[in-house]
Amino acid sequence: MANSNIRVRFAPSPTGPLHIGGARTALYNYLFAKKNNGKFILRIEDTDSTRFVDGSEEYIYESLRWLGLNIDEGVLEGGPFGPYKQSQRKDIYFQYVNILLERGWAYYAFDTNEELDAARALYEAEKRNFAYDTSTRLSFVNSLTLDEKETQKRINSGTPYVIRFKMPENFEVTASDIVRGTVTFNTNTLDDKVLFKSADGLPTYHLANIVDDHLMEISHVIRGEEWLPSLPLHVMLYRAFGWESTMPQFAHLPLILKPSGKGKLSKRDGDREGFPVFPLQYTSPQGEVSSGYRESGYFPEAVNNLLALLGWNPGTEQELFNLEELANQFSLERVNKSGARFDPEKARWFNHQYLIAKSNDEIVLDFKKTLKEKGYTSTSEILEKIIGLVKERVNFTHEIWDQSWFFFEAPKSYDNYVVQKRWKDGVSGFMEEFSSVLSNQQDWSAANLKEKTSALITEKNQNFGNIMNAIRLVIVGGSFGPDLFTIIETIGKNETLKRIKAALEILKN
RNA sequence: GGUCCCUUCGUCUAGGGGUUAGGACGCAAGAUUUUCAUUCUUGAAACAGGGGUUCGAUUCCCCUAGGGACUACCA
């Protein structure tokens with residue numbers, strides 16, 4: 001049994017950015033490999049030259065690197081089973097499709113697109129289902145209906161042809177899937193899939209995939225559920241090649257569905273509902289920009305964590321895992337069968353968890369960048385203090401500014417509701433007293449400041465809550481923010497007195 | 001339309017022939033806090049429907065309904 005030698009592959013097509021569904025597939029493959037001391041292989045499936053998008057491969061690599069999913073064998077890494085890019089394996093596929101032809105498992109078909117379209121239209125008009133299959137193949141122009149000489153003549157004269165798989169008639173193919181159990185199909189419902197295209201002389205996914213998985217000694221195929229319908233074809237291909245005894249095991253992952261409404265998660269949903277569907281920001285060759293998790297401020301650990309739990313769980317109540325814990329606990333048997341709706345809210349919550357778990361000095365560098373954009377600088381010491389004060393209130397590093405700007409600049413306006421509620425008779429007078437008390441303080445610690453302020457409130461027979469809120473209004477412009485005296489301590493005496501003066505000018509009546 | 005897959009709180013899920021059906025996100029209330037947030041406590045919230053099998057079904061089987069994927073010389 002190939003069990004002792006776990007080899008899995010992630011096999012994306014370079015047709016654009018990697019979708020988070022793809023990222024999750026990569027993650028599960030990686031996790032499964034790590035768990036079993038196996039190899040994680042990256043194979044680029046670029047057999048559709050028409051859909052190739054420049055830069056996709058780099059994007060895929062950068063995404064996996066960002067997520068920390070290390071590749072053991074691949075296009076860049078090399079390895080004993082290369083090349084790992086299908087466009088470089090043309091000769092191999094050609095050689096193998098010939099085996100199928102020789103054994104009668106495949107045949108040449110000369111039908112043009114126009115002829116096929118016409119046939120489809122005809123069936124549709126009669127409300128019948130069209131398929132190029134066991135029931136119709138004899139009505140088309142192919143090596144089954146032409147005699148050998150005519151077939152050869154056409155091939156030699158350069159007539160375009162495809163090679164189709166000759167699906168056997170009426171029997172049950174059963175395939176087993178690790179997450180779904182046994183799946184059965186009748187071959188009559190399957191069509192004669194094109195194995196080799198005429199347009200570019202390249203194999204289709206089905207052929208290339210089976211040949212490569214076999215040659216690369218892949219032990220487990222872990223891929224999205226959208227591939228489940230082609231599983232019987234793939235099983236039949238393994239049989240046709242005589243590779244059934246070493247056929248990999250299959251695991252079809254549930255789809256990631258859009259947060260609301262119907263269907264699987266798409267690029268549009270992210271744009272509409274304000275969350276990324278791509279790991280990294282992506283700019284299409286047409287210049288269209290799509291947001292990425294990285295650029296939106298997500299930590300890669302958080303993305304791995306949330307993706308891991310979208311379709312899998314360990315059966316315990318643990319929700320926070322690092323990559324290593326994930327790898328230790330992961331199993332294909334505990335992957336869910338049903339599609340999982342993506343929850344942007346919970347995604348943010350995951351990031352929040354990772355943010356608060358980080359030490360302040362891990363965040364400070366990032367915060368400095370935001371600060372620089374705003375035109376401020378400060379020492380790491382002060383910044384770390386501020387981060388510690390506000391990080392529990394935010395989900396992303398870039399939101400720290402929204403909760404801490406008043407450490408750097410005075411309020412530009414005062415919340416009217418709070419003014420109405422707190423700036424009562426006597427408050428202006430109190431503030432003037434307060435200001436002079438503050439200016440006399442040698443000890444500018446939050447503790448001392450608090451003590452002196454409390455004493456003044458008592459002395460002046462003022463309402464404690466009211467005054468405290470009024471001071472807060474003066475300092476930050478509203479009713480929010482962390483401990484008031486810590487803010488005052490941090491911004492310093494000069495700034496505090498300035499803010500009181502400014503507030504008095506505007507609010508004094 | 002056809003084929004296949006799926007179905008536990010709004011969402012992610014645990015569970016599994018006899019349970020007060022558990023957790024998390026979100027939501028609500030209360031407590032703490034000089035504010036807001038955090039935190040803590042509490043609450044509302046689910047086995048799609050119908051038939052079987054069984055002493056007993058949310059759990060097993062069947063049907064229906066709903067959802068999803070696929071149905072290209074795309075992957």
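Residue numbers begin at 1 in each chain, while the letters A, B, ... track the order of the sequences.
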Would you say A/Phe171 has more than 12 foreign heavy atoms packed within less than 6.0 Å of its CZ? yes
Comparing nearest nucleotides in RNA chain B, the 5'-proximal residue of the pair A/Ala347, A/Ser13 is A/Ala347
Would you classify A/Thr184 as touching base, sugar-phosphate or nothing, given that sugar-phosphate means primed atoms plus P, OP1 and OP2, and contacts are heavy atoms under 4.0 Å? sugar-phosphate
Partner of B/G26 by Watson-Crick or G-U wobble geometry, both contacts under 3.5 Å, or none? none
Which part of the nucleic acid, if any, lies within reach of A/Pro232 when heavy atoms closer than 4.0 Å are counted: base, sugar-phosphate only, or nothing? nothing
What contact category does A/Gly263 fall into here, base, sugar-phosphate, or nothing, at under 4.0 angstrom with non-hydrogen atoms? sugar-phosphate
Cation-pi between A/Arg164 and A/Tyr107: NZ/CZ under 6.0 Å from ring centre and within 45° of the ring axis? no
Base of B/A69 paired with side chain of A/Lys264 (donor-acceptor, under 3.5 Å): no
Distance, C1' atom - from B/U8 to B/A45, rounded to whole angstrom: 12 Å
Interatomic distance, A/Phe130 CZ vs B/G2 P [rounded to whole Å]: 18 Å
Pick base, sugar-phosphate or nothing for A/Arg223, based on heavy-atom distances below 4.0 Å to the nucleic acid. nothing
If each of A/Leu310 and A/Met468 is mapped to the nucleotide of RNA chain B with the nearest heavy atom, which maps nearer the 5' terminus, i.e. the 5' end? A/Leu310
Does a nitrogen or oxygen in the side chain of A/Arg164 sit under 4.0 Å from OP1 or OP2 of B/C73? yes
Taking atom C1' in both B/C74 and B/A37, what distance in whole Å separates the two? 49 Å
Take atom P in B/U3 and the same atom in B/C63, then report the distance between them in whole Å. 13 Å
Does A/Asn129 reach a base, just sugar-phosphate, or nothing at all? Heavy atoms under 4.0 Å. base
Both distances below 3.5 Å, Watson-Crick or wobble geometry, any strand: find the nucleotide opposite B/A14. none
Tell me if a side-chain donor or acceptor on A/Asp111 pairs with a main-chain N or O of A/Val141 at a distance below 3.5 Å. yes
So does A/Thr204 reach the base of B/C73 with its side chain, donor to acceptor, closer than 3.5 Å? no
Can you check the distance between B/G22 and B/A46, where both ends of the measurement are the P atom (answer in whole Å)? 11 Å
Derivation of the salt bridge (charged side-chain N to carboxylate O under 4.0 Å, His left out) call for A/Lys127 and A/Glu124: CA-CA 5 Å; A/Lys127 292 214 181 303; A/Glu124 196 171 333; over 6 Å; no
